[in-house]
Amino acid sequence: MVIQNRTKDLIVNIVINRKAKHRYFIQETLEAGLILFGWEVKAFKSGNVNISDSYVSFHSGEVYLIGSQFNSLYTTDVHTLRNSNRHRKVLLHKNEILSLYNKIYKHGYTAIALSFFLRNNWCKMKIAIVKGKTQYDKREIKKQSQWKREKNRIVKKRINNYS
């Protein structure tokens with residue numbers, strides 16, 4: 001999916017975490033860069049990335065992406081050692097790091113990877129600051145969506161009867 005902003009940036013979505021909206025209430029999102037090796041960039045651009053269980057953590061004042069898997073391609077160099085589950089450094093401004101730290105450790109939120117995308121051929125990720133849903137919340141949302149669907153059917157049926 002290609003999106004073009006007003007600033008003439010070309011954005012190409014690579015991977016989207018589809019389970020995030022089901023598991024969490026999304027409060028806020030941030031855009032960040034990643035430090036990747038060459039074979040990871042190739043895997044990133046080809047879409048061989050899994051971010052369903054990845055999250056963002058802090059270590060000695062720096063932000064790292066943990067739990068993401070980059071599956072290497074067979075066409076890349078075979079002489080380099082590849083660790084598909086390594087911790088990858090996330091590039092953020094200092095004020096963004098402090099804000100993220102405060103929300104995670106003082107307010108009890110969690111930071112997860114929401115999507116990976118290319119912006120003008122730069123590998124970027126969208127970080128979501130989230131609060132976990134309980135089983136009750138998930139059932140309540142499902143009931144509301146079913147009621148909304150049923151309500152639309154009833155309204156459509158009445159409109160067709162009057163026509």
Side-chain angles (χ1 to χ4, degrees), residues 1-7 9-59 61-74 76 82-146 148-149:
M1 181 171 157
V2 177
I3 304 169
Q4 198 153 5
N5 282 354
R6 292 182 203 150
T7 59
D9 287 346
L10 185 66
I11 299 172
V12 180
N13 282 330
I14 303 295
V15 178
I16 298 172
N17 188 352
R18 298 189 191 281
K19 294 182 181 179
K21 289 184 180 178
H22 177 70
R23 291 181 179 172
Y24 306 103
F25 292 114
I26 298 174
Q27 306 294 328
E28 186 180 337
T29 59
L30 295 169
E31 184 178 315
L34 285 167
I35 295 180
L36 301 173
F37 293 134
W39 68 269
E40 291 174 330
V41 173
K42 284 186 177 184
F44 185 97
K45 287 184 177 182
S46 67
N48 290 345
V49 182
N50 183 7
I51 60 170
S52 62
D53 295 326
S54 62
Y55 61 95
V56 174
S57 182
F58 290 89
H59 181 68
E62 295 178 340
V63 183
Y64 290 93
L65 178 67
I66 299 172
S68 62
Q69 288 185 327
F70 285 69
N71 300 324
S72 65
L73 302 172
Y74 293 110
T76 57
R82 296 183 185 102
N83 183 3
S84 64
N85 293 329
R86 75 176 184 90
H87 302 330
R88 291 161 183 88
K89 189 172 178 182
V90 177
L91 303 173
L92 288 168
H93 292 285
K94 190 172 185 175
N95 59 353
E96 292 174 331
I97 292 173
L98 292 174
S99 171
L100 188 62
Y101 183 85
N102 286 335
K103 287 183 180 167
I104 289 174
Y105 289 106
K106 290 185 180 176
H107 301 293
Y109 290 106
T110 304
I112 62 166
L114 194 60
S115 66
F116 283 170
F117 59 94
L118 290 172
R119 169 174 265 152
N120 293 336
N121 288 330
W122 289 95
C123 299
K124 299 279 188 175
M125 70 179 287
K126 190 175 281 191
I127 298 172
I129 300 168
V130 297
K131 197 73 147 170
K133 287 183 183 177
T134 61
Q135 197 66 29
Y136 171 77
D137 294 331
K138 292 177 188 177
R139 281 194 300 262
E140 195 64 32
I141 290 169
K142 191 173 183 180
K143 285 179 189 175
Q144 289 173 359
S145 66
Q146 286 175 348
K148 192 182 288 184
R149 246 184 275 124

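If you read the sequence from its start, that first residue is 1, and numbering goes on from there.
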Would you name the heavy atoms of Arg86 and Arg88 that are closest together and state the gap between them?
O-NH1, 2.7 Å

For a quick test of reading the model, state the closest non-hydrogen atom pair linking Leu36 to Glu40 and the distance between them.
CA-OE1, 3.3 Å

Tell me every residue that passes side-chain hydrogen bond (donor to acceptor under 3.5 Å, both in side chains) with Asp137, counting only those two or more places apart in sequence or in another chain.
Thr134

Exercise answer: donor-acceptor pairs, residues 44-53 side-chain atoms, under 3.5 Å, sequence neighbours excluded:
residue : atom : partner : partner atom : Å
Ser46   : OG   : Lys42   : O            : 3.2
Ser46   : OG   : Ala43   : O            : 3.1
Asn50   : OD1  : Ser52   : N            : 3.2
Asn50   : OD1  : Ser52   : OG           : 3.1
Asp53   : OD1  : Arg23   : NH1          : 3.4

Exceeds 12 heavy-atom contacts within 6.0 angstrom, atom NZ of Lys89
no

NZ (Lys126) and NZ (Lys124) are apart, to the nearest 0.5 Å, by 12.5 Å

Would you give me the side-chain donor-acceptor pairs under 3.5 Å for residues 101-118, sequence neighbours excluded?
residue : atom : partner : partner atom : Å
Asn102  : ND2  : Leu98   : O            : 3.3
Lys103  : NZ   : Glu28   : OE1          : 2.1
Lys103  : NZ   : Glu28   : OE2          : 3.4

Other residues, nucleotides, ligands: >12 heavy atoms within 6.0 Å of Lys138 NZ:
yes

What's the spacing between Leu100 CG and Ile129 CD1 if we round to 0.5 Å?
5.0 Å

Measure across Gly61 and Ile97 and return the closest heavy-atom pair with its distance rounded to 0.1 Å.
O-CG2, 4.2 Å

Would you say that Ile141 contacts Lys133 through its side chain, given a criterion of any heavy-atom pair below 4.5 Å between the two side chains?
yes

Kindly compute the distance separating CG (Asn17) from OG (Ser68), expressed to the nearest 0.5 Å.
11.0 Å

Kindly compute the distance separating CD (Glu62) from OG (Ser57), expressed to the nearest 0.5 Å.
12.0 Å

Taken to the nearest 0.5 Å, the spacing of Thr29 OG1 from Met125 CE works out to 11.5 Å

Output the distance between atom CD (Glu140) and atom OG (Ser145), rounded to the nearest 0.5 Å.
10.5 Å

Evaluate the side-chain proximity of Tyr64 to Val56: yes if any heavy-atom separation is below 4.5 Å, no if none is.
no

Residue Lys21 excluded, over 12 heavy atoms near NZ under 6.0 Å
no

